[in-house]
Amino acid sequence: MTLPKLCTTVLLGLSAAACTAPKPPVIERESAEVYHFDTNKSFALNVAHMSRKTAGLSDVAQAEHAQFKANRALVGAEYSAAFLTGGVVELLGSMASQSVADKKFAWKPAHVYVTKLNEADLDNHAFNVVSTGLAGAFEKISGAEFVGLYRISSDQLMNNVSILYKGPLCELFPAKKRVNYERLKEIKTLMNFGAEVDGACGITAHISVPGKMRDNGQEKDVIHLEFQRGFSLVDKLALATTGYALMPSSYMDRNTWLNYKVKAPYVVHDNRMWFFTHENTSAPVPEKVLTSGRLGE
(Lines give C-alpha, C1' and ligand atoms only; values in the text may rest on other atoms or scores of the structure.)
Protein backbone atom coordinates (compact mmCIF):
# COMPACT_ATOMS: atom_id res chain seq x y z
CA MET A 1 0.00 0.00 0.00
CA THR A 2 1.24 3.47 -0.85
CA LEU A 3 1.40 5.83 2.07
CA PRO A 4 -0.59 9.07 1.63
CA LYS A 5 1.12 12.41 1.52
CA LEU A 6 1.05 14.22 4.84
CA CYS A 7 -0.84 17.49 5.17
CA THR A 8 1.29 19.39 7.65
CA THR A 9 2.47 22.89 8.33
CA VAL A 10 6.01 23.56 7.17
CA LEU A 11 7.80 24.89 10.23
CA LEU A 12 10.46 26.88 8.47
CA GLY A 13 8.97 30.31 9.03
CA LEU A 14 8.58 30.63 5.26
CA SER A 15 5.35 28.99 4.19
CA ALA A 16 2.58 26.60 5.20
CA ALA A 17 0.88 23.80 3.32
CA ALA A 18 -2.84 23.40 3.77
CA CYS A 19 -4.84 20.21 3.33
CA THR A 20 -7.02 20.11 0.24
CA ALA A 21 -9.69 17.65 -0.86
CA PRO A 22 -8.23 14.75 -2.87
CA LYS A 23 -8.68 14.83 -6.64
CA PRO A 24 -7.25 12.78 -9.50
CA PRO A 25 -3.63 13.78 -10.21
CA VAL A 26 -2.75 15.36 -13.55
CA ILE A 27 0.49 14.70 -15.42
CA GLU A 28 2.07 18.09 -16.06
CA ARG A 29 5.22 19.40 -17.67
CA GLU A 30 7.88 20.13 -15.06
CA SER A 31 10.22 22.06 -17.35
CA ALA A 32 10.63 23.19 -20.96
CA GLU A 33 14.43 22.91 -20.68
CA VAL A 34 16.04 21.06 -23.61
CA TYR A 35 18.80 18.52 -22.95
CA HIS A 36 21.50 18.12 -25.61
CA PHE A 37 23.46 14.87 -25.76
CA ASP A 38 27.13 15.35 -24.89
CA THR A 39 29.58 13.29 -26.93
CA ASN A 40 32.06 13.47 -24.05
CA LYS A 41 29.71 11.44 -21.84
CA SER A 42 28.73 7.80 -22.09
CA PHE A 43 25.37 6.90 -23.60
CA ALA A 44 24.19 5.82 -20.13
CA LEU A 45 25.17 9.11 -18.50
CA ASN A 46 23.44 11.08 -21.25
CA VAL A 47 20.21 9.15 -20.66
CA ALA A 48 20.50 9.69 -16.90
CA HIS A 49 21.00 13.44 -17.37
CA MET A 50 18.18 13.54 -19.91
CA SER A 51 15.82 12.11 -17.29
CA ARG A 52 16.73 14.85 -14.77
CA LYS A 53 15.73 12.44 -12.00
CA THR A 54 19.05 10.86 -11.05
CA ALA A 55 22.09 11.98 -9.10
CA GLY A 56 25.31 10.45 -7.86
CA LEU A 57 26.39 9.14 -11.25
CA SER A 58 29.57 9.64 -13.24
CA ASP A 59 31.52 7.88 -15.95
CA VAL A 60 34.28 5.71 -14.50
CA ALA A 61 36.83 3.09 -15.57
CA GLN A 62 34.97 0.24 -13.82
CA ALA A 63 31.17 0.23 -14.09
CA GLU A 64 30.57 -0.87 -10.49
CA HIS A 65 32.10 2.40 -9.23
CA ALA A 66 29.77 4.65 -11.22
CA GLN A 67 27.24 5.46 -8.49
CA PHE A 68 27.89 7.19 -5.20
CA LYS A 69 25.57 8.17 -2.37
CA ALA A 70 24.74 11.63 -1.11
CA ASN A 71 26.77 13.36 1.53
CA ARG A 72 27.14 17.02 2.38
CA ALA A 73 30.42 17.38 0.50
CA LEU A 74 28.97 15.97 -2.71
CA VAL A 75 25.59 17.70 -2.72
CA GLY A 76 27.06 21.02 -3.87
CA ALA A 77 28.92 19.36 -6.71
CA GLU A 78 25.78 17.61 -7.83
CA TYR A 79 23.87 20.90 -7.93
CA SER A 80 26.62 22.58 -9.91
CA ALA A 81 26.42 19.73 -12.44
CA ALA A 82 22.90 21.04 -13.20
CA PHE A 83 20.93 18.08 -11.96
CA LEU A 84 18.60 20.57 -10.28
CA THR A 85 16.98 23.46 -12.09
CA GLY A 86 14.66 26.36 -11.43
CA GLY A 87 16.80 28.32 -9.01
CA VAL A 88 17.23 25.57 -6.43
CA VAL A 89 20.99 26.18 -6.51
CA GLU A 90 20.39 29.37 -4.55
CA LEU A 91 18.99 27.31 -1.69
CA LEU A 92 22.13 25.28 -1.08
CA GLY A 93 22.61 24.54 2.58
CA SER A 94 18.93 24.92 3.41
CA MET A 95 16.74 22.11 4.64
CA ALA A 96 14.70 22.30 1.45
CA SER A 97 17.64 21.88 -0.90
CA GLN A 98 19.13 19.06 1.17
CA SER A 99 15.80 17.21 1.05
CA VAL A 100 15.54 17.55 -2.73
CA ALA A 101 19.15 16.45 -3.14
CA ASP A 102 18.62 13.37 -0.98
CA LYS A 103 15.67 12.33 -3.15
CA LYS A 104 17.77 12.80 -6.26
CA PHE A 105 20.46 10.49 -4.92
CA ALA A 106 17.92 7.89 -3.77
CA TRP A 107 16.48 7.49 -7.28
CA LYS A 108 14.43 4.44 -8.15
CA PRO A 109 14.24 2.20 -11.22
CA ALA A 110 12.53 3.97 -14.12
CA HIS A 111 11.52 3.83 -17.74
CA VAL A 112 12.05 6.83 -19.99
CA TYR A 113 10.17 7.46 -23.23
CA VAL A 114 11.04 10.14 -25.79
CA THR A 115 8.38 11.50 -28.15
CA LYS A 116 6.64 14.70 -29.21
CA LEU A 117 3.65 15.21 -26.93
CA ASN A 118 0.44 16.98 -27.83
CA GLU A 119 0.69 20.05 -25.62
CA ALA A 120 -3.08 20.56 -25.60
CA ASP A 121 -3.63 17.06 -24.22
CA LEU A 122 -0.30 16.38 -22.51
CA ASP A 123 -1.80 14.46 -19.58
CA ASN A 124 -3.60 11.84 -21.68
CA HIS A 125 -0.90 11.65 -24.34
CA ALA A 126 1.88 10.98 -21.80
CA PHE A 127 -0.29 8.38 -20.05
CA ASN A 128 -0.99 6.59 -23.35
CA VAL A 129 2.69 6.61 -24.37
CA VAL A 130 3.62 4.90 -21.10
CA SER A 131 0.75 2.41 -21.36
CA THR A 132 1.78 1.44 -24.89
CA GLY A 133 5.42 1.16 -23.83
CA LEU A 134 4.59 -1.11 -20.92
CA ALA A 135 2.36 -3.32 -23.08
CA GLY A 136 5.29 -3.79 -25.46
CA ALA A 137 7.65 -4.66 -22.60
CA PHE A 138 5.27 -7.23 -21.10
CA GLU A 139 5.01 -8.97 -24.48
CA LYS A 140 8.71 -9.89 -24.16
CA ILE A 141 8.40 -11.37 -20.65
CA SER A 142 7.41 -15.01 -20.16
CA GLY A 143 4.88 -15.59 -17.39
CA ALA A 144 3.55 -12.03 -17.05
CA GLU A 145 0.50 -10.68 -18.88
CA PHE A 146 -0.17 -6.94 -18.91
CA VAL A 147 -3.66 -6.15 -17.55
CA GLY A 148 -3.32 -2.40 -17.89
CA LEU A 149 -2.10 0.93 -16.59
CA TYR A 150 -4.58 2.54 -14.21
CA ARG A 151 -4.82 6.06 -12.89
CA ILE A 152 -4.95 6.71 -9.14
CA SER A 153 -8.02 8.55 -7.87
CA SER A 154 -6.28 10.75 -5.30
CA ASP A 155 -3.49 13.29 -5.69
CA GLN A 156 -2.60 12.75 -2.02
CA LEU A 157 -0.75 9.53 -2.83
CA MET A 158 2.91 9.39 -3.85
CA ASN A 159 2.11 7.50 -7.06
CA ASN A 160 -0.23 8.59 -9.84
CA VAL A 161 -0.59 5.25 -11.64
CA SER A 162 -0.68 1.54 -10.91
CA ILE A 163 0.62 -1.16 -13.28
CA LEU A 164 -1.35 -4.41 -13.06
CA TYR A 165 -0.36 -7.80 -14.48
CA LYS A 166 -1.38 -11.45 -14.21
CA GLY A 167 0.13 -14.81 -15.14
CA PRO A 168 2.41 -17.41 -13.53
CA LEU A 169 4.80 -14.79 -12.13
CA CYS A 170 1.90 -13.10 -10.37
CA GLU A 171 0.59 -16.41 -9.06
CA LEU A 172 3.83 -16.84 -7.10
CA PHE A 173 2.38 -14.28 -4.67
CA PRO A 174 -0.28 -15.24 -2.08
CA ALA A 175 -3.86 -14.27 -2.94
CA LYS A 176 -3.98 -11.71 -0.13
CA LYS A 177 -1.28 -9.69 -1.88
CA ARG A 178 -3.21 -9.53 -5.16
CA VAL A 179 -6.00 -7.18 -6.19
CA ASN A 180 -9.46 -7.97 -4.81
CA TYR A 181 -12.02 -6.51 -7.22
CA GLU A 182 -14.85 -6.33 -4.68
CA ARG A 183 -12.62 -4.60 -2.13
CA LEU A 184 -11.31 -2.21 -4.77
CA LYS A 185 -14.87 -1.19 -5.65
CA GLU A 186 -15.28 -0.11 -2.03
CA ILE A 187 -12.06 1.86 -1.55
CA LYS A 188 -11.91 3.18 -5.17
CA THR A 189 -8.20 3.98 -5.20
CA LEU A 190 -8.09 3.29 -8.96
CA MET A 191 -10.08 4.86 -11.79
CA ASN A 192 -11.83 3.23 -14.74
CA PHE A 193 -11.25 -0.37 -13.74
CA GLY A 194 -13.39 -3.45 -14.21
CA ALA A 195 -13.49 -7.07 -13.12
CA GLU A 196 -10.37 -7.73 -15.23
CA VAL A 197 -8.24 -6.47 -12.33
CA ASP A 198 -9.36 -9.21 -9.93
CA GLY A 199 -6.41 -11.35 -8.87
CA ALA A 200 -3.84 -9.10 -10.52
CA CYS A 201 -0.49 -8.09 -9.06
CA GLY A 202 0.48 -4.46 -8.94
CA ILE A 203 3.42 -2.08 -9.24
CA THR A 204 2.85 1.48 -8.08
CA ALA A 205 4.54 4.14 -10.18
CA HIS A 206 4.66 7.83 -11.00
CA ILE A 207 4.61 9.46 -14.45
CA SER A 208 6.11 12.90 -15.02
CA VAL A 209 7.35 15.02 -17.94
CA PRO A 210 10.63 16.46 -16.61
CA GLY A 211 11.70 18.30 -19.75
CA LYS A 212 12.75 17.99 -23.37
CA MET A 213 15.71 16.69 -25.36
CA ARG A 214 17.05 17.26 -28.87
CA ASP A 215 16.98 14.12 -30.99
CA ASN A 216 18.25 14.19 -34.60
CA GLY A 217 17.65 17.92 -34.80
CA GLN A 218 14.14 17.72 -33.35
CA GLU A 219 12.98 18.71 -29.89
CA LYS A 220 11.08 15.92 -28.18
CA ASP A 221 9.53 15.46 -24.75
CA VAL A 222 11.01 13.21 -22.07
CA ILE A 223 8.47 11.10 -20.16
CA HIS A 224 9.68 9.54 -16.92
CA LEU A 225 8.01 6.51 -15.29
CA GLU A 226 9.38 5.88 -11.80
CA PHE A 227 8.64 2.51 -10.18
CA GLN A 228 7.86 2.99 -6.49
CA ARG A 229 6.60 -0.24 -4.92
CA GLY A 230 6.30 -3.85 -6.05
CA PHE A 231 9.79 -4.24 -7.53
CA SER A 232 9.88 -8.01 -8.05
CA LEU A 233 9.27 -7.70 -11.82
CA VAL A 234 11.18 -4.46 -12.38
CA ASP A 235 14.44 -6.07 -13.54
CA LYS A 236 12.60 -7.98 -16.26
CA LEU A 237 10.67 -4.86 -17.31
CA ALA A 238 13.92 -2.90 -17.53
CA LEU A 239 15.50 -5.42 -19.91
CA ALA A 240 12.29 -5.61 -21.98
CA THR A 241 11.65 -1.86 -22.28
CA THR A 242 10.63 -0.39 -25.62
CA GLY A 243 12.14 2.95 -24.59
CA TYR A 244 14.97 3.46 -22.10
CA ALA A 245 15.36 1.97 -18.63
CA LEU A 246 17.41 3.43 -15.75
CA MET A 247 18.51 1.00 -13.05
CA PRO A 248 20.40 2.07 -9.90
CA SER A 249 22.93 -0.18 -8.21
CA SER A 250 20.53 -0.73 -5.30
CA TYR A 251 16.91 0.09 -4.52
CA MET A 252 14.57 -0.61 -1.62
CA ASP A 253 11.03 -1.95 -2.09
CA ARG A 254 8.96 -0.52 0.75
CA ASN A 255 6.24 -3.09 0.11
CA THR A 256 8.50 -5.93 1.20
CA TRP A 257 11.50 -4.03 2.65
CA LEU A 258 13.71 -6.06 0.35
CA ASN A 259 16.83 -4.30 -0.88
CA TYR A 260 17.60 -5.16 -4.49
CA LYS A 261 21.22 -4.88 -5.59
CA VAL A 262 23.02 -5.27 -8.90
CA LYS A 263 26.73 -5.18 -9.65
CA ALA A 264 26.57 -1.77 -11.34
CA PRO A 265 23.96 0.81 -12.39
CA TYR A 266 22.96 0.54 -16.01
CA VAL A 267 20.74 1.85 -18.80
CA VAL A 268 18.80 -0.35 -21.23
CA HIS A 269 17.92 0.69 -24.77
CA ASP A 270 17.38 -1.18 -28.01
CA ASN A 271 18.07 -4.59 -26.44
CA ARG A 272 21.43 -3.55 -24.97
CA MET A 273 22.61 -2.78 -21.45
CA TRP A 274 24.76 0.35 -21.32
CA PHE A 275 27.16 1.16 -18.48
CA PHE A 276 28.51 4.38 -17.00
CA THR A 277 32.07 4.00 -18.24
CA HIS A 278 34.57 6.19 -20.07
CA GLU A 279 34.73 3.49 -22.75
CA ASN A 280 30.91 3.56 -23.17
CA THR A 281 30.74 -0.20 -22.64
CA SER A 282 27.59 -2.22 -23.32
CA ALA A 283 26.34 -5.80 -23.52
CA PRO A 284 23.36 -7.59 -25.09
CA VAL A 285 20.28 -8.04 -22.90
CA PRO A 286 20.43 -11.56 -21.37
CA GLU A 287 17.41 -13.40 -22.79
CA LYS A 288 17.39 -15.83 -19.86
CA VAL A 289 16.07 -13.11 -17.55
CA LEU A 290 13.09 -12.49 -19.82
CA THR A 291 12.25 -16.16 -20.34
CA SER A 292 12.78 -17.37 -16.77
CA GLY A 293 9.66 -18.60 -15.00
CA ARG A 294 10.99 -17.35 -11.67
CA LEU A 295 11.29 -13.86 -10.27
CA GLY A 296 14.74 -12.41 -9.86
CA GLU A 297 16.29 -14.53 -12.62
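For the numbers below, each heavy atom of this structure counts, side chains included, while hydrogens, waters and symmetry mates do not.
In this structure the side chain of Leu239 reaches within 4.5 angstrom of the side chain of Pro286, judged on heavy atoms. Two residues are said to be in side-chain contact when any heavy atoms from C-beta on lie closer than 4.5 Å; Met213 and Glu33 fail this criterion. When side chains are defined from C-beta on, Ile152 counts as touching Leu190, because their heavy atoms get closer than 4.5 Å. Residues His65 and Phe276 form no side-chain contact, since every pair of their non-hydrogen atoms from C-beta on lies 4.5 Å or further apart. Side-chain contact between Met50 and Phe37 is present, with at least one heavy-atom pair separated by less than 4.5 Å. Within the 4.5 Å cutoff, the side chain of Cys201 has no heavy atoms near those of the Lys177 side chain. At a threshold of 4.5 Å between non-hydrogen side-chain atoms, the residues Ile223 and Val112 do not count as touching. Tyr165 has its side chain within reach of Ile203: a pair of non-hydrogen atoms, C-beta onward, lies under 4.5 Å apart.
Tracing side-chain contacts under 4.5 Å through hydrophobic residues (I, L, V, M, F, W, Y), one reaches Leu164 starting from Leu184; they form part of the same cluster. In this structure, Val234 is a member of the same hydrophobic cluster as Leu172, with clusters built from ILVMFWY side-chain heavy atoms closer than 4.5 Å. Residues Val34 and Tyr244 do not share a hydrophobic cluster, clusters being chains of Ile/Leu/Val/Met/Phe/Trp/Tyr side chains in contact below 4.5 Å. Ile141 and Val262 fall within a single hydrophobic cluster, where Ile, Leu, Val, Met, Phe, Trp and Tyr side chains are chained together by heavy-atom contacts under 4.5 Å.
Partner of Tyr251 under the ring-ring contact (aromatic ring centres under 6.0 Å, His included) criterion, chosen from Phe227, Trp107, Phe231: Phe231.
Ala144 and Leu169 get closest at one heavy-atom pair: CB-CD1, 4.1 Å. Closest of all the heavy-atom pairs between Ser51 and Val222 is CA-CG1, 4.4 Å. The nearest pair of heavy atoms linking Pro210 to Glu30 is CA-OE1, 3.6 Å. Here the shortest heavy-atom pairing between Ala110 and His224 reads CB-NE2, 3.3 Å. The two residues Cys170 and Ala200 have their closest heavy-atom pair at SG-C, 3.8 Å. Nearest heavy-atom pair across Gln67 and Pro265 is OE1-CB, 3.6 Å.
Between Phe138 and Phe146, the ring planes lie parallel to each other; the angle is under 30°, not in the 30° to 60° tilted range.
Proximity of a side-chain donor or acceptor of His125 to a complementary backbone N or O of Asn118 within less than 3.5 Å is detected. Asp221 places a side-chain N or O within 3.5 Å of a backbone atom of Leu117 that can act as its donor or acceptor partner. Distance alone, capped at 3.5 Å, places no donor-acceptor pair between the Asp155 side chain and the Pro24 backbone. Under a 3.5 Å cut-off, the side chain of Lys236 and the backbone N or O of Val289 do form a donor-acceptor pair. Looking at His111, its side chain never comes within 3.5 Å of a backbone N or O of Glu226 through a donor-acceptor pair.
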Intermediate values then yes/no, side-chain contact (heavy atoms from CB on, under 4.5 Å), Glu28 and Leu122: CA-CA 7 Å; Glu28 297 177 331; Leu122 185 141; 5.5 Å; no

Going through the distances and angles, do Ile27 and Phe127 end up as a side-chain contact (heavy atoms from CB on, under 4.5 Å)? CA-CA 8 Å; Ile27 302 167; Phe127 179 89; 4.1 Å; yes

Working note: Ser142 + Leu290, criterion side-chain contact (heavy atoms from CB on, under 4.5 Å); need CA distance, chi angles, decisive distance, verdict. CA-CA 6 Å; Ser142 299; Leu290 300 179; over 6 Å; no

Could you walk me through whether Tyr113 and Thr242 pass the side-chain contact (heavy atoms from CB on, under 4.5 Å) check? CA-CA 8 Å; Tyr113 304 95; Thr242 57; 3.9 Å; yes

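Rounded to the nearest 0.5 Å, atoms OG (Ser154) and CE (Met191) are 11.0 Å apart. Gln156 contributes atom CD, which lies 8.5 Å from atom NZ of Lys23 (distance to the nearest 0.5 angstrom). Here the CD1 atom belonging to Ile187 is positioned 8.5 Å from the OG atom belonging to Ser153, to the nearest 0.5 angstrom. Rounded to the nearest 0.5 Å, atoms OG1 (Thr241) and CE (Met247) are 11.0 Å apart. Here the OG-CG distance, from Ser282 to Asn271, works out to 12.0 Å after rounding to the nearest 0.5 Å. Put simply, CD on Glu64 and OG1 on Thr277 are 10.5 Å apart, with the number rounded to the nearest 0.5 Å.
A salt bridge does not link Lys140 with Glu287: every distance from a Lys NZ or Arg NE/NH1/NH2 to an Asp or Glu carboxylate oxygen is 4.0 Å or more. The pair Arg151-Asp123 meets the salt-bridge criterion, with a side-chain N (NZ, NE, NH1 or NH2) lying under 4.0 Å from an Asp/Glu carboxylate O. A salt bridge does not link Lys166 with Glu171: none of the charged nitrogens is closer than 4.0 Å to a carboxylate oxygen.
If you check the side chains of Asn280 and Ser42, you find no donor sitting under 3.5 Å from an acceptor. A donor atom on one side chain and an acceptor atom on the other are found under 3.5 Å apart for Asn124 and Asp121. Checked by atom type, the side-chain pair Thr204/Gln228 shows no donor-acceptor distance below 3.5 Å. Between the side chains of Tyr35 and Asn46, at least one donor N or O sits under 3.5 Å from an acceptor N or O.
Figure legend: cation-pi geometry between Arg178 and Phe173 absent, as NZ or CZ is not positioned both under 6.0 Å from the six-membered ring centre and within 45° of its axis.
Within a 6.0 Å sphere centred on CG of Asp38, other residues, nucleotides and ligands contribute more than 12 heavy atoms.
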